[in-house]
Amino acid sequence: MMTVEVERKFMCSANTLKMLEESGAVLVGKQQFRDQYFDTPQFDLTLRDMWLRKREECWELKYPLVPVSGRKEKSGEQSETAAVSTCYKEITSQPEIQLKVKDVIRDTETGVTCLDDSWLSRVNLVCFAEFTTVRQSFTLEEEEVKIDLDQADFGYNVGELEMLITEGEDVHAALERIDRTARKLGLTADQRVEGKMNVYLKRNLPEHYAKLLSVHILRA
Ligand code: V4E
């Protein structure tokens with residue numbers, strides 16, 4: 001079963017915690033994790049909007065619900081929430097990740113194993129970004145949307161409203177739930193907010209960041 005992450009980021013300021021409290025959001029957990037992102041030296045994955053990550057010991061590949069090659073210009077009828085939200089498939093099974101990566105990176109081996117160092121070096125994947133996040137997670141009564149406040153160790157804070165659905169389920173309904181939660185929290189949909197990776201790349205790999213902007217994988 002394939003999971004789809006529907007997500008909207010929001011600006012995190014000194015008032016955000018207070019705003020969440022006043023809206024009735026309840027802190028349900030705090031965790032810290034280190035993310036390592038992998039790509040080839042030519043960035044074959046991220047230039048296709050594919051994000052391969054190892055979070056602590058867990059692997060994950062995120063890639064768009066709508067492939068980069070099939071993207072159309074956004075219609076004028078798109079809702080505000082849709083315009084500021086993202087939709088990515090997430091896979092965590094190592095054999096599945098290998099097969100998906102094989103679609104874009106040549107791998108002469110036929111068998112699938114696990115994502116160990118020998119596989120990484122065979123397909124020429126290297127870590128290009130690494131950072132640690134402290135995440136506070138909240139819930140809001142009657143809402144299924146998860147609220148996260150992230151503090152990345154390179155000095156960037158961002159909030160996220162997130163809903164995981166199963167592939168085939170209604171993305172539009174998830175967007176509406178996110179929208180309803182955003183309204184309960186008093187968030188407006190008037191701006192797109194950069195994710196941690198946007199900011200990390202801008203600061204640490206500006207050339208690659210510029211390339212991702214130019215091919216419309218990321219937006220400034
Ligand atoms: C999908 C993606 C990237 C991978 C990181 O995804 P994200 O959900 O932003 O990170 P994080 O740490 O919150 O993961 P979670 O814990 O929710 O699984 S890096 C760039 N993208 C694409 C992307 C985009 N084009 N626009 C926005 C606003 N975000 C991400």
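In listed order, ligands and their atoms are each counted from 1. Both backbone and side-chain heavy atoms feed into the values below; hydrogens, waters and symmetry mates do not.
- Contact between Val158 and ligand 1 is absent, with no heavy atom of the residue lying under 4.0 Å from the ligand.
- Counting heavy atoms under 4.0 Å from ligand 1, residue Asn198 does not touch it at all.
- In this model, a donor atom of one side chain and an acceptor atom of the other lie less than 3.5 Å apart for Thr46 and Asp39.
- With no hydrogens or angles considered, no side-chain donor-acceptor pair links Thr40 and Asn124 at under 3.5 Å.
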Mind listing the side-chain donor-acceptor pairs of residues 88-98 below 3.5 Å, one per line with the distance, residues two or more places apart or on another chain?
unit_1: Tyr88; atom_1: OH; unit_2: Asp49; atom_2: OD1; d: 3.0
unit_1: Tyr88; atom_1: OH; unit_2: Asp49; atom_2: OD2; d: 2.8
unit_1: Lys89; atom_1: NZ; unit_2: Glu167; atom_2: OE2; d: 2.8
unit_1: Glu90; atom_1: OE2; unit_2: Lys62; atom_2: NZ; d: 3.4
unit_1: Ser93; atom_1: OG; unit_2: Glu96; atom_2: N; d: 3.3
unit_1: Gln94; atom_1: OE1; unit_2: Leu115; atom_2: N; d: 2.7
unit_1: Gln98; atom_1: OE1; unit_2: Thr113; atom_2: N; d: 2.9
unit_1: Gln98; atom_1: NE2; unit_2: Cys114; atom_2: O; d: 3.4

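- Remark: side-chain polar atoms of Asp170 are paired, donor with acceptor, to backbone N or O of His172 under 3.5 angstrom.
- In this structure, the ring of Trp59 has its center less than 6.0 angstrom from the ring center of Phe38.
- Here the heavy atom of the protein found nearest to atom 29 (N) of ligand 1 is Lys9 NZ, 3.1 Å.
- Of the protein's non-hydrogen atoms, Lys196 NZ, 3.5 Å is the one closest to atom 11 (P) of ligand 1.
- Within ligand 1, counting atoms from 1 as listed, the ones closer than 4.0 Å to a heavy atom of Ile217 are 25 (N).
- Regarding atom 5 (C) of ligand 1, its nearest protein heavy-atom neighbour is Tyr37 OH, 3.2 Å.
- Remark: ligand 1 atoms within the under-4.0 Å shell around heavy atoms of Glu160 are 11 (P), 13 (O), 17 (O).
- In this structure, Glu5 counts as a contact residue of ligand 1, since one of its heavy atoms falls inside 4.0 Å of the ligand.
- The heavy atom nearest to atom 20 (C) of ligand 1, out of those in Tyr200, Phe33, Trp51, is found in Trp51.
- Taking any N or O of Glu60, backbone or side chain, none lies under 3.5 Å from an N or O belonging to ligand 1.
- Near Met197, meaning under 4.0 Å from one of its heavy atoms, ligand 1 places the atoms 19 (S).
- Scanning the protein for heavy atoms near atom 26 (N) of ligand 1, the closest one is Thr86 CG2, 3.6 Å.
- In this structure, the ring of Phe128 has its center less than 6.0 angstrom from the ring center of Phe43.
- A heavy-atom distance below 4.5 Å is found between the side chains of His208 and Leu212.
- Among protein heavy atoms, the minimum distance from atom 18 (O) of ligand 1 is reached at Lys62 NZ, 2.8 Å.
- Contact record, Phe131 with Met197: CE2-CE, 4.2 Å, taken as the closest heavy-atom pair.
- Regarding atom 28 (C) of ligand 1, its nearest protein heavy-atom neighbour is Val193 O, 3.8 Å.
- Judged by distance alone, with hydrogens and angles left aside, the side-chain atoms of Thr133 form no donor-acceptor pair with the main-chain N or O of Arg135 at under 3.5 Å.
- Not one N or O on the side chain of Gln136 forms a donor-acceptor pair closer than 3.5 Å with the backbone of Gly29.
- For atom 10 (O) of ligand 1, the closest non-hydrogen atom of the protein is Arg53 NH1, 3.9 Å.
- Of all protein heavy atoms, the one closest to atom 23 (C) of ligand 1 is Tyr88 OH, 3.7 Å.
- With a 4.0 Å cut-off on non-hydrogen atoms, Glu194 does not touch ligand 1 at all.
- Contact detail for Glu141 and Lys184: the closest heavy-atom pair is O-NZ, 3.9 Å.
- The ligand atoms of ligand 1 that sit less than 4.0 angstrom from a heavy atom of Glu7 are 8 (O), 9 (O), 17 (O).
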